[in-house]
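Each remark here refers to the structure printed beneath this line.
Below, all heavy atoms of this structure are taken into account, side chains as well, without hydrogens, waters or symmetry copies.
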Amino acid sequence: MGCDGGTIPKRHELVKGPKKIEKVDKNAELAAKWKYCALSQEKLRRPIVSCELGRLYNKDAIIEYLLDKSAERPNAEAVAHIRGIKDIKELNLTDNPEWEGERRNTKGDRYEDIHCGMFICPVVGLEMNGKHRFCYLQTCGCVFSDRALKEVKTEICHKCGDPFKDEDIVVLNGNKEEVDKLREKMEEKRAKAKTKKSKKSKATETVSTSESKDGTVSPPNDIAGTSLQQNGGDSSQQSAVAGPSGSSSSSKATKSSSASATKRSIQDMNEKSEAFKSLFTTHSSAKRTKDQTSNWVTHTPYHF
């Protein structure tokens with residue numbers, strides 16, 4: 001074939017076939033989703049938050065994005081639906097006791113398990129490494145495996161005890177179909193919230209316009225006077241119509257008025273004797289002059 005040096009070429013060196021499609025390593029893809037932040041591509045560290053589409057983020061990265069949205073970021077599309085802190089939820093995760101951290105294989109002389117997850121399901125014990133479906137509750141932020149929610153069916157959170165509904169369950173790192181369903185649910189929620197706000201604003205506007213049409217409000221003094229007059233008329237009518245119960249109430253009123261009128265000092269009563277009056281502290285004998293007072297204090301100020 002004209003090759004110098006007596007070389008014998010092979011078929012794949014002479015005939016070029018179709019290019020092979022490059023396949024993404026599944027292990028690397030799972031590690032990127034479950035161990036790294038979807039925005040900053042840094043390793044996940046507490047506090048970890050999730051959006052309504054089930055993506056995992058570092059809370060620091062989300063706060064930096066919300067403070068400065070104009071900055072250029074490589075994965076800005078993954079956070080375009082987040083408008084504020086209300087659109088994310090901090091996750092209540094359970095640590096994996098077998099996770100040793102980054103220092104587990106510093107020398108490189110031991111086997112490194114790539115599928116070992118940092119967190120596990122508190123009910124079943126499955127590792128959160130992408131091989132099993134995991135969900136979180138929007139009410140409390142607790143994370144469980146899908147198997148735990150199916151096997152133990154309750155309306156109360158297994159970890160904190162808060163009640164939840166099926167609508168509050170969000171799948172973490174779901175496939176395209178699950179993400180599309182979550183996006184539709186998110187858009188419906190936001191549309192309902194907008195309609196509620198518009199209704200409230202319309203109600204407040206109608207109230208303000210009605211108040212402006214009515215004009216000035218009558219002063220409270222006039223209202224109080226009219227109410228007193230009405231009450232007086234009603235009380236007179238009630239006293240005229242009342243039976244034995246009315247008479248008893250009127251007698252009580254007269255007794256209280258007479259008692260208040262008869263209240264006076266005992267020292268002013270001429271019918272009482274001086275010996276009787278001296279028993280009380282209002283008597284002149286109980287009062288001391290400045291010479292009789294002393295610097296020391298006793299339990300009773302009238303003790304001699």
Would you indicate whether [X], at its atom [atom1], is surrounded by more than 12 heavy atoms from other residues, nucleotides or ligands within a distance under 6.0 Å?
X	atom1	answer
R147	CZ	no
I63	CD1	yes
E98	CD	no
K181	NZ	no
E271	CD	yes
D166	CG	no
E167	CD	no

[X] to [Y] - nearest heavy-atom pair and separation:
X	Y	value
K35	C116	NZ-O, 3.4 Å
G117	E127	N-OE1, 3.3 Å
G174	V179	O-CG2, 3.7 Å
S50	L56	CB-CD2, 4.4 Å

[X] with [Y], same ILVMFWY side-chain cluster at under 4.5 Å:
X	Y	value
V49	V170	no
L39	I48	no
V171	W34	no
L30	L44	yes
I120	V152	no

Is it the case that the side chain of [X] and the backbone of [Y] share a donor-acceptor pair, with hydrogens and angles ignored and the cut-off at 3.5 Å?
X	Y	value
N58	K43	yes
D68	Y65	no
E64	A61	no
S40	C37	no
K277	M269	yes

For the [atom1] atom of [X] and the [atom2] atom of [Y], what is their distance to the nearest 0.5 Å?
X	Y	atom1	atom2	result
I88	R83	CD1	CZ	12.5 Å
M128	C121	CE	SG	10.5 Å
Y136	K89	OH	NZ	9.0 Å
D162	I156	CG	CD1	9.5 Å
L91	L172	CG	CG	6.5 Å
R73	Q41	CZ	CD	13.0 Å

Side chains of [X] and [Y]: closer than 4.5 Å at any heavy-atom pair?
X	Y	answer
H158	L149	yes
R190	E52	yes
T94	V143	no
F164	C140	no
R46	D95	yes
C135	F144	no
K131	L126	no
Y57	V79	yes

Apply side-chain contact (heavy atoms from CB on, under 4.5 Å) to the pair D87 and H81, showing each step before the final yes or no.
CA-CA 8 Å; D87 295 335; H81 61 282; over 6 Å; no
Between R133, R55, R183, which is the residue that forms a salt bridge (charged side-chain N to carboxylate O under 4.0 Å, His left out) with E178?
R133
State, without any angle test, whether T139 and K165 hold a side-chain donor-acceptor pair at a distance under 3.5 Å.
no
Before accepting this row, confirm whether a basic side-chain N of the pair K176/D180 lies closer than 4.0 Å to the acidic partner's carboxylate O.
no
